[in-house]
Structure formats: structure tokens, C-alpha cells
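Here the structure is laid out as C-alpha cells; the discussion comes afterwards.
Just so you know, these numbers come straight off a predicted model, no measurement behind them.
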Amino acid sequence: MRRVVKAAALAAGATELGTEPRALRLLGLFSRVQTPVAAGRSFSTAPSQHQASSPVWKLGRLNHVAIAVPDLEKASSFYRDVLGAQVSEAVPLPEHGVSVVFVNLGNTKMELLHPLGSDSPIAGFLQKNKAGGMHHVCIEVDNINAAVMDLKKQKIRSLSDEAKIGAHGKPVIFLHPKDCGGVLVELEQA
């Protein structure tokens with residue numbers, strides 16, 4: 001290890017190990033990088049404004065990331081022909097105002113969303129974001145009704161009063177982006 005550190009210090013401009021301040025900074029950085037992370041370390045350093053989910057419901061896996069696209073065929077072709085993903089045919093969902101293409105990534109999915117009619121929420125999104133972009137993330141929950149009630153108690157707003165059937169035929173609800181760090185979050189019954 002000492003040889004690796006010395007080589008890194010010499011590459012940083014030191015003539016001998018420890019002769020340059022920059023080399024010392026690099027040496028210190030290198031030793032910190034090699035220090036293992038303690039088990040159980042928290043990813044968040046800021047205190048949460050909200051309590052963690054109650055034992056009545058549990059957050060599950062990422063179900064999908066939804067991307068609003070101005071050209072559904074072009075986007076489908078990119079994921080299918082360029083990246084080699086499994087891509088479904090377009091599925092019109094008039095009750096949601098979108099046509100959707102499902103991109104299977106093995107461990108999760110992407111949904112390519114295109115407006116179906118002028119009153120589609122995706123049409124409004126694309127007016128503001130001409131090239132398209134990430135629209136929402138969908139996370140599974142084991143009990144959507146309990147999750148909705150609990151989140152309302154914690155002052156997390158939803159875009160509807162109750163869950164509706166989503167594109168996968170399961171109950172879903174969207175949480176207000178202003179209460180979710182600027183991200184539109186969809187919860188889906190697992």
C-alpha cells in the first residue's frame with residue numbers, strides 16, 4: 001500500500017513522499033478513500049421532517065421511471081434498437097390521457113409516455129419540456145390504502161383523493177411534487 005501511496009504522491013508533483021503540500025493532501029485523501037464505511041451508516045445527514053412509514057404499510061421496490069416523450073416511435077426505437085431493451089407495443093390508455101410503451105430492464109421498467117389528446121397531463125408537461133424528460137418515479141407499497149391515510153396524516157398531499165387503477169391494472173396514487181423534493185412520486189400497490 002505504501003508504494004501505491006508514494007506513486008500517487010509522486011504523480012501529484014512531489015519529488016519525495018511528503019515534500020509537497022499537494023502530495024500531503026493527496027496522501028490524506030487516499031487514506032480516507034481506503035477507509036471502509038461503517039456498517040449501518042445512514043445516507044441522510046439532515047433530520048427528517050416526517051416520520052418513517054408506520055408498521056401498517058411498507059415501501060417496496062422501484063417499479064418504474066416514467067419518461068414523457070414527444071415522439072413515441074423514436075423513443076421506442078432508441079431503447080429497442082440502440083440499447084437492446086425489450087420494448088412493448090404502444091398501449092393507449094384513454095382514461096389516463098396517454099399512450100404508453102413499457103421498456104423492460106429486468107430489475108425494473110421504464111414507461112415512455114406520450115399524450116393521447118390535447119387535455120393529457122403529458123401534453124402540458126411537453127409544452128414546458130419540448131424535448132421530453134423524466135415525468136415521475138413509481139415505488140411499490142404493500143398496502144396503498146394504509147400508505148395514503150398515513151401520508152395524509154403527515155401532511156403529504158396527493159393529486160387525487162383516493163387511489164385509481166393505473167397502467168399496470170393496480171391501484172396507484174400520485175404524491176404532490178412539492179411535498180416530495182420536487183419529484184412526482186407514484187405509489188403502486190405491490
Side-chain angles (χ1 to χ4, degrees), residues 43-44 50 52-54 56-152 154-190:
F43 287 103
S44 176
H50 304 284
S53 63
S54 72
V56 178
W57 68 278
K58 190 170 144 187
L59 197 63
R61 71 180 190 96
L62 174 68
N63 182 282
H64 66 266
V65 174
I67 310 291
V69 298
D71 184 332
L72 193 55
E73 183 50 44
K74 183 178 178 182
S76 298
S77 176
F78 171 74
Y79 287 99
R80 180 185 55 244
D81 302 335
V82 176
L83 298 183
Q86 283 183 305
V87 177
S88 76
E89 295 295 320
V91 178
L93 299 172
E95 64 277 12
H96 296 285
V98 297
S99 288
V100 63
V101 167
F102 301 101
V103 180
N104 186 347
L105 301 175
N107 61 345
T108 192
K109 298 178 283 292
M110 290 177 66
E111 287 182 357
L112 307 179
L113 303 175
H114 184 72
L116 188 63
S118 59
D119 60 342
S120 167
I122 300 303
F125 181 90
L126 289 172
Q127 284 176 349
K128 296 175 190 166
N129 305 279
K130 302 289 185 204
M134 191 184 94
H135 185 261
H136 68 268
V137 296
C138 177
I139 305 169
E140 295 177 357
V141 293
D142 66 345
N143 185 335
I144 196 161
N145 293 325
V148 169
M149 289 184 349
D150 184 48
L151 291 168
K152 282 182 182 180
Q154 295 187 58
K155 307 287 188 234
I156 304 296
R157 295 171 288 174
S158 60
L159 300 185
S160 61
D161 291 331
E162 56 188 41
K164 298 176 182 178
I165 300 301
H168 302 127
K170 296 179 177 183
V172 300
I173 196 158
F174 286 88
L175 304 179
H176 200 294
K178 288 186 178 177
D179 296 340
C180 301
V183 177
L184 180 59
V185 174
E186 178 183 20
L187 298 180
E188 179 178 282
Q189 177 69 47

Q: Consider only side-chain N and O atoms of H135 and E111, and report whether a donor and an acceptor are under 3.5 Å apart.
A: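 The answer is no; no qualifying pair exists.
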
Q: Would you please indicate if the ring centroids of F102 and H168 are separated by under 6.0 Å?
A: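 When the ring centroids of F102 and H168 are compared, they turn out to be within the sub-6.0 Å range.
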
Q: Flag the pair D142 and K58 as a salt bridge only when some basic side-chain nitrogen lies within less than 4.0 angstrom of an acidic carboxylate oxygen.
A: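 Not counted as a salt bridge, because no side-chain N and carboxylate O are separated by less than 4.0 Å.
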
Q: Please step through side-chain contact (heavy atoms from CB on, under 4.5 Å) for the pair H114 and I122, ending with a clear verdict.
A: CA-CA 6 Å; H114 184 72; I122 300 303; 5.7 Å; no

Could you report the tightest heavy-atom contact between [X] and [Y], atom names first, then the distance?
X    : Y    : result
L62  : C138 : CD1-O, 3.3 Å
Q189 : K170 : O-CD, 3.2 Å
I144 : A163 : CD1-CB, 4.2 Å
P115 : V69  : CD-O, 4.3 Å
A85  : L105 : CB-CD2, 4.4 Å
A90  : V101 : CA-CG2, 3.7 Å

Q: Kindly determine whether L83 and V103 satisfy side-chain contact (heavy atoms from CB on, under 4.5 Å), including the steps that lead there.
A: CA-CA 11 Å; L83 298 183; V103 180; over 6 Å; no

Nearest-0.5 Å distance, [atom1] of residue [X] to [atom2] of residue [Y]:
X    : Y    : atom1 : atom2 : answer
L112 : H64  : CG    : NE2   : 11.0 Å
E186 : E140 : CD    : CD    : 10.5 Å
R80  : S88  : CZ    : OG    : 10.0 Å
S158 : L187 : OG    : CG    : 9.5 Å
E162 : N145 : CD    : CG    : 8.5 Å

If the condition is side chain to side chain contact (heavy atoms under 4.5 Å, CB included), which residues does [X] pass it with, not counting sequence neighbours?
X    : answer
V183 : M134, V137, V185
N104 : Q86
L93  : V91, E95, H96, V98, V100, A167

State, with a plain yes or no, whether a side-chain heavy atom of [X] is found less than 4.5 Å away from one of [Y].
X    : Y    : value
L151 : L175 : yes
P70  : K130 : no
T108 : V65  : no
L159 : H176 : yes

Q | Residue pair D81, Y79: steps toward the side-chain contact (heavy atoms from CB on, under 4.5 Å) verdict | A | CA-CA 6 Å; D81 302 335; Y79 287 99; over 6 Å; no

Q. So does K178 have more than 12 non-hydrogen atoms from other groups sitting under 6.0 Å from NZ?
A. no

Q. Do N129 side-chain atoms and F125 backbone N/O form a donor-acceptor pair below 3.5 Å?
A.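 At least one qualifying donor-acceptor pair exists.
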
